[in-house]
Amino acid sequence: MDDGKPQNFIQQIIRQDLEEGVVSRVVTRFPPEPNGYLHIGHAKSICLNFGLAEQFDGVCNLRFDDTNPEREEDEYVRAIQQDVRWLGYQWHGEVRFASDYFDQFYAWAVLLIEQGKAYVCELSAEQTREYRGTLTEPGRNSPYRDRPVEESLVLLEKMRDGEIEEGKMVLRAKIDMASPNINLRDPVLYRIKRRPHHRTGDKWNIYPSYDFSHGQEDAIEGVTHSICTLEFEDHRPLYEWFIENLPVPGKPRQYEFGRLNLNYTVTSKRKLKQLVDERHVDGWDDPRMPTISGLRRRGVTPAAIRNFCDSLAVAKTDGTVDMAQFEHFIRDDLNANAHRAMCVLDPLKVVLSNVAEGETEMLTAPAHPNRDDLGTRQLPFTREIYIDRADFSDDTALSRKKFKRLVLGDYVRLRAAYVIRADDLVRDGEGNIVEIQASIVPGTVGEDPPEGIKPRGVIHWVSATENVECEVRLYDRLFLEPSPGAGGRNFLDSVNPDSLVIKTGCKGEIGLAETERDRHYQFEREGYFYPDSRYSDAGRPVFNQTIGLKDNWAKGGN
RNA sequence: UGGGGUGUCGCCAAGUGGCUAAGGCAACGGGUUUUGAUCCCGUCAUUCGGAGGUUCGAGUCCUCCCACCCCAGCCA
């Protein structure tokens with residue numbers, strides 16, 4: 001707990017509650033609605049809730065807020081659990097469901113009616129809206145507000161038993177139609193939805209609203225600190241109203257923090273679902289999606305996500321974090337742990353005239369420049385190799401500072417191998433360079449070249465005869481604009497048409513043939529890559545680019 | 001024009017009336033380097049949305065003003 005970092009306001013509150021004995025053990029919860037996949041924004045909430053429990057020796061529950069059968073599905077329940085576990089968190093005890101408490105909620109609804117604090121209202125949805133008033137004008141009481149308790153009791157039963165049509169009646173709390181806080185203008189407690197629920201089947205024809213559920217769920221589970229996002233701030237008085245007016249077994253307190261917004265992406269389940277449904281992406285786990293499953297498939301590690309979330313302040317400000325901040329933590333973890341490998345994305349053949357045909361020299365390179373524990377890899381060196389097209393130029397006037405690669409007539413170091421010189425080139429009928437003729441400087445493996453030979457730089461390469469053919473998928477941000485959909489425009493208009501570039505015919509070093517599914521790589525000088533879980537074949541791996549290397553040189557524009 | 005919130009460097013932020021306004025990201029210099037990566041060093045707010053006021057002393061307290069976000073689902 002005492003890691004020197006400043007305490008956020010929730011940590012301060014918890015510490016004080018513990019010191020003053022207000023609570024003896026911290027209980028938090030992560031309460032997703034199973035109506036979509038988890039995304040990076042949820043990760044902040046997950047890290048916060050599970051993190052708080054960890055820091056204060058408490059526990060954190062995973063509870064599905066499944067009070068609306070219209071859009072909730074088991075598929076989401078499973079995916080969400082997988083994502084939370086993948087992030088490295090274990091919830092306390094069994095998974096909880098709001099639907100586990102439906103009987104209790106119903107009993108409490110009856111109690112409120114009996115106490116004259118709730119009533120069945122027969123206003124239509126439109127009428128209810130009219131009666132509610134506006135932001136500046138108070139609402140009016142429903143004509144059903146003072147109906148006899150008995151009548152409401154009977155009607156609620158009929159609602160429950162499926163005898164009333166959807167939309168004809170709701171159960172409402174009797175609070176204050178003139179409250180400046182609209183949430184207190186007789187909010188709906190139960191609405192009729194005559195459809196099966198993913199867990200309770202067709203047992204219920206009515207379902208509790210969020211407001212009538214959340215606080216009670218927390219109370220039942222002994223949650224002490226119920227942390228939610230800013231937009232629920234207005235609901236807190238209602239949350240407390242239920243806690244105070246119902247014989248609940250606990251007194252949870254609600255605290256709100258600012259949700260995570262990231263630029264150049266969207267974190268709204270509705271928009272993400274739309275991207276999936278309209279096939280702008282290849283499913284919820286498309287590597288371009290900011291979903292946990294998308295990030296996982298892309299090759300982002302749980303540690304990177306957790307470190308990023310820990311770097312985020314928990315406060316009440318509503319800002320937008322730079323994607324660069326997230327990218328920093330992705331690179332930070334991958335740089336420390338990813339195995340290095342060489343892969344030529346755009347192959348150009350180089351024939352080394354002074355290397356014997358058919359001869360293979362096995363070279364050894366470390367799997368990581370400063371982590372011996374990761375071992376070494378074998379690199380077959382042969383007469384014909386591939387380098388990347390972008391690493392060669394026939395413009396001999398290019399300065400050494402501007403182009404640290406292979407230039408006709410000059411020297412370059414092949415990573416973990418020889419220094420070579422480009423002697424000549426071969427063009428096809430259209431003038432395109434199709435082959436480089438070069439020669440190695442003998443004795444330069446692991447050794448500096450003789451006086452006078454100054455390689456311009458170091459480039460990656462792969463044997464032309466002993467390599468693994470692979471596909472590489474390069475990704476760019478999904479949106480062209482920092483805030484997609486800003487200014488009332490359609491967020492889909494700024495979808496980046498070039499966010500996925502598929503490179504086939506890439507040549508990877510032989511070790512990539514036996515890629516372990518779960519191994520993160522750095523393709524040297526290119527970026528970080530991760531085998532795609534869907535399209536990789538045993539013989540032909542497909543690599544997703546997790547993120548490129550930081551490239552200060554490219555930025556200069558030269 | 002009702003209610004609830006928020007405003008500290010390009011971005012995220014610490015700061016809880018008293019040493020020279022933390023830190024991270026980004027950016028920009030320089031060094032190391034068989035990855036134009038990593039790593040290392042350095043630069044980067046006389047000023048805290050604005051204006052008044054209280055105080056020996058204010059980003060921190062008071063007053064007024066301004067800007068932005070959320071709320072009128074039988075969504076969560």
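Just the heavy atoms: all of them, side chains too, but no hydrogens, waters or symmetry mates, feed the values below. Proteins get letters first, then strands, A, B, ... in listed order; numbering begins at 1 in each.
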Determine whether any donor atom in the side chain of [X] lies under 3.5 Å from an acceptor atom in the base of [N], or the reverse, and answer yes or no.
X: R172(A); N: C74(B); value: no
X: D234(A); N: G3(B); value: yes
X: Q12(A); N: U16(B); value: yes

Tell me whether the side-chain N/O atoms of [X] come closer than 4.0 Å to OP1 or OP2 in [N].
X: R371(A); N: C39(B); result: no
X: N552(A); N: A37(B); result: yes
X: T67(A); N: A76(B); result: yes
X: R191(A); N: A76(B); result: yes
X: R525(A); N: G36(B); result: yes
X: H328(A); N: C25(B); result: yes

Quiz item: Roughly how many Å is it from CD in Q325(A) to P in G23(B), rounded to a whole number?
Solution: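 Going from CD in Q325(A) over to P in G23(B) covers 15 Å.
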
Practice problem: Might you confirm whether atom CD of Q127(A) has over 12 heavy atoms from other residues, nucleotides or ligands at distances under 6.0 Å? | Solution: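 Yes, enclosed.
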
Practice problem: Select base, sugar-phosphate, or nothing to describe what T320(A) touches, counting heavy atoms under 4.0 Å on all strands. | Solution: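 Sugar-phosphate contact only.
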
Exercise. Tell which nucleotide pairs with A67(B), taking only Watson-Crick or G-U wobble pairs whose two distances are both under 3.5 angstrom.
Key: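 The answer is U6(B), by the H-bond criterion.
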
Quiz item: Going by distance alone, is a donor N or O of one side chain under 3.5 Å from an acceptor N or O of the other, for D186(A) and Y119(A)?
Solution: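 D186(A) vs Y119(A): donor-acceptor pair found between side chains.
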
Quiz item: Looking only at atom P, what distance separates G49(B) and G10(B), rounded to whole Å?
Solution: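 Their P atoms lie roughly 13 Å apart.
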
